[in-house]
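So that the names make sense, note that chain A is the first sequence line, chain B the second, and so on, each numbered from 1. Please read all numbers here as calculations on a predicted model, not as lab measurements.
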Protein chains: 2
Amino acid sequence: MSARTTGQVRVVGTGLLGTSIGLGLTSLDVDVVLDDVSPSTLALAVDYGAGRRAAEGDAPAIVVVAVPPDVVARVVAEELARFPEALVTDVASVKAGPLAALQAAGAPVARYLGSHPMAGRERSGPIAARADLFLGRPWVIAPHEASTAEQAVLLESLAFELGAIPVRLPAERHDDAVAVVSHAPQLVSSLLAARLVDAPDHATDLAGQGLRDTTRIAASDPALWVQILSANAARVLPVLSDLRDDLDALLGALADPAAPGAQRALADVLAAGNDGVARIPGKHGVDLRTTTLTVLIDDRPGQLARLLTEIGELGVNLEDMRLEHSPGAPIGIVEVSVLPEAAGGLEADLERRGWRVA
Amino acid sequence: MSARTTGQVRVVGTGLLGTSIGLGLTSLDVDVVLDDVSPSTLALAVDYGAGRRAAEGDAPAIVVVAVPPDVVARVVAEELARFPEALVTDVASVKAGPLAALQAAGAPVARYLGSHPMAGRERSGPIAARADLFLGRPWVIAPHEASTAEQAVLLESLAFELGAIPVRLPAERHDDAVAVVSHAPQLVSSLLAARLVDAPDHATDLAGQGLRDTTRIAASDPALWVQILSANAARVLPVLSDLRDDLDALLGALADPAAPGAQRALADVLAAGNDGVARIPGKHGVDLRTTTLTVLIDDRPGQLARLLTEIGELGVNLEDMRLEHSPGAPIGIVEVSVLPEAAGGLEADLERRGWRVA
């Protein structure tokens, strides 16, 4: 897509998200204007190629406010006043609060349309930014009474340009949703990782992939998350209260696993976890829309290319693939995901051609 | 390493772990004898190349019991009786219980030495097995009063042959350790994933990588985990009780985030999570031995094969690769990991050939 879709874009706040937006748009030849209260952070983002500094005569079509949650409403109000022709959006993780604050302050919210790209990293700052941060990720746009469909379309174009998938969701529903899929997981991961603080070395030395995965986001920035969680506390609270109730039942079962009903209580927690994971759409492990074949390949240059070339010759499009190759192992394992209707034929064809399909 | 290190190895139980051990040893020309109470599971493991069926005259140097936790002690006792010359080990996730049960039953524990490879997958059964499952993973060997250093060395050789890193740890300390680094994370992941069961679709549709990582192991087999958790309940209980105390403090802060001390309470949980993650040795996501390039490809058949073919033409061997492709997205993201010395040249060469390297 080209620059004409969005015109000049001003990004206020050049942290991870702001700089990533700048990098993505600049690579599409959009005129990106960057601003940040920190001169050094701004200089880093400019050096990084995320855009140019603000100048006299800037006339942004869109202002993207990418500042910490506690100053979002204030900065959005400032930008609305400063650029009376622009559509102003923000990318904060909580959406109802800023809108309410702007309305209460009498800001011209008819030109404000909040958004939230569901992308991030446990690292922060412009150095962690990447142009492809939003690729394939949902980008929530939160329409309200005073916003228009045209504005939503404009922001959707911006999201598309960055490779994201726009999703319209009112602020309240967005905030309910992220309480479950983002804010509660953050706190649970932190609570779990905190168990390691006083664990002996011989315990942490046994850490496997399960522990690493469950605690990865516990490395996130506490200052940022205190703000996010404070802003959405009322919605996170019931999610974690329910979890606490389940935890209490679990503690009872662990206290006497031989008691009547204890095994069942343990199994219920684990089965509910199975059911919950199954609700996550697409990808990673199990994708219900695709079938995965496991092919063993020799660890020689060109083997993977040959496999994929042959899959292409067979007319099958890959939906996803993953190579697992452990250094030192004589074979690699390739998991190729294809549409279910193609899987059976592909497996037979590959075996006929001499591939080892597990 | 060669077969002489360990001699004939008998594997009882051809699920994920038993079959993976068989695959790994067979690839090193060890004579692997397989047995399983389920004829179909056994047939699958034999077909898979994990070893041969038991026969008259088998004389294993080592018997590896890889059966569900609740029957470990019984099967170990049977194998000790059946092969009076063999060293018998098991690979169960809990170590104190089986040893105590064998001692109580008067089994010849002088030939039993428990072990626990810290490797697994959320999938189970022989089909999920892989020869490289243990590569780089700790493999706990749990010496006890009646076991000898020579036996520990023999099991260490077995672990080394499978690419694992042997760690000697008495049963009690092992069980304390896995309560923190494996069993508590399993339950916490399950408790978190259970929040998704009744979540609306518009919430689960926003699932990002953080949620996927924190809930991945919640897909694990409940039947297996009820046994593991029951066997180690007394050690998991205090870990989760501590977590519950922290959770209660957190719920108080979320109930009134503007109250004095509430922000601090939130920050404390998040900071403790940071400190806990920092205790985990090494890293994942970041492989210090390789450099990862991100290449954007069009979502058309053959594009990935063309990329990999060209990388091969450039004389560069892939250490690892991952395709990320979101359904509906017009492009895919390929992360190719190569040796650091090859990365710079490869990036330049690929860009010269017209590839988009992010």
Using a cut-off of under 4.5 Å for heavy-atom pairs, which of A:E313, A:R279, A:H174, A:R130 has the most such pairs with chain B? A:R279

Please rank B:A253, B:P257, B:G163 by heavy-atom pairs under 4.5 Å with chain A and give me the top one. B:P257

Can you tell me which portion of B:R306 sits under 4.5 Å from chain A's heavy atoms? Options are side chain, backbone, both or neither. neither

Top of A:A199, A:A267, A:A207 for chain B proximity - count of heavy-atom pairs under 4.5 angstrom: A:A199

With a 4.5 angstrom heavy-atom cut-off, could you sort out which part of B:L192 is near chain A: side chain, backbone, both or neither? both

So for B:S220, is it side chain, backbone, both, or neither that comes closer than 4.5 Å to the heavy atoms of chain A? backbone

Heavy-atom cut-off 4.5 Å, strictly under: side chain, backbone, both or neither for B:L247 against chain A? both

For each of A:L211, A:D132, A:D201, tally heavy-atom pairs with chain B at distances under 4.5 Å, and name the one with the top tally. A:L211

Of the backbone (N, CA, C, O) and the side chain (C-beta and beyond), which part of A:R195 lies under 4.5 Å from a heavy atom of chain B, both, or neither? both

Among the options B:D275, B:D242, B:D198, pick out the one with the most heavy-atom pairs lying under 4.5 Å from chain A. B:D242

Which of the residues A:V188, A:L251, A:V180, A:D246 is involved in the greatest number of heavy-atom pairs with chain B at under 4.5 angstrom? A:L251

Qualifying residues under side chain to side chain donor-acceptor pair (under 3.5 Å), relative to B:R216, sequence neighbours excluded: A:D213, B:E122

Under 4.5 Å to a heavy atom of chain A? For B:S182 that would be neither

Got a sec, which residues hit salt bridge (Lys or Arg N to Asp or Glu O under 4.0 Å) with A:D245, two or more places apart in sequence or on another chain? none

Go through the atoms of A:L191 and report whether side chain, backbone, both or neither lie under 4.5 Å from a heavy atom of chain B. both

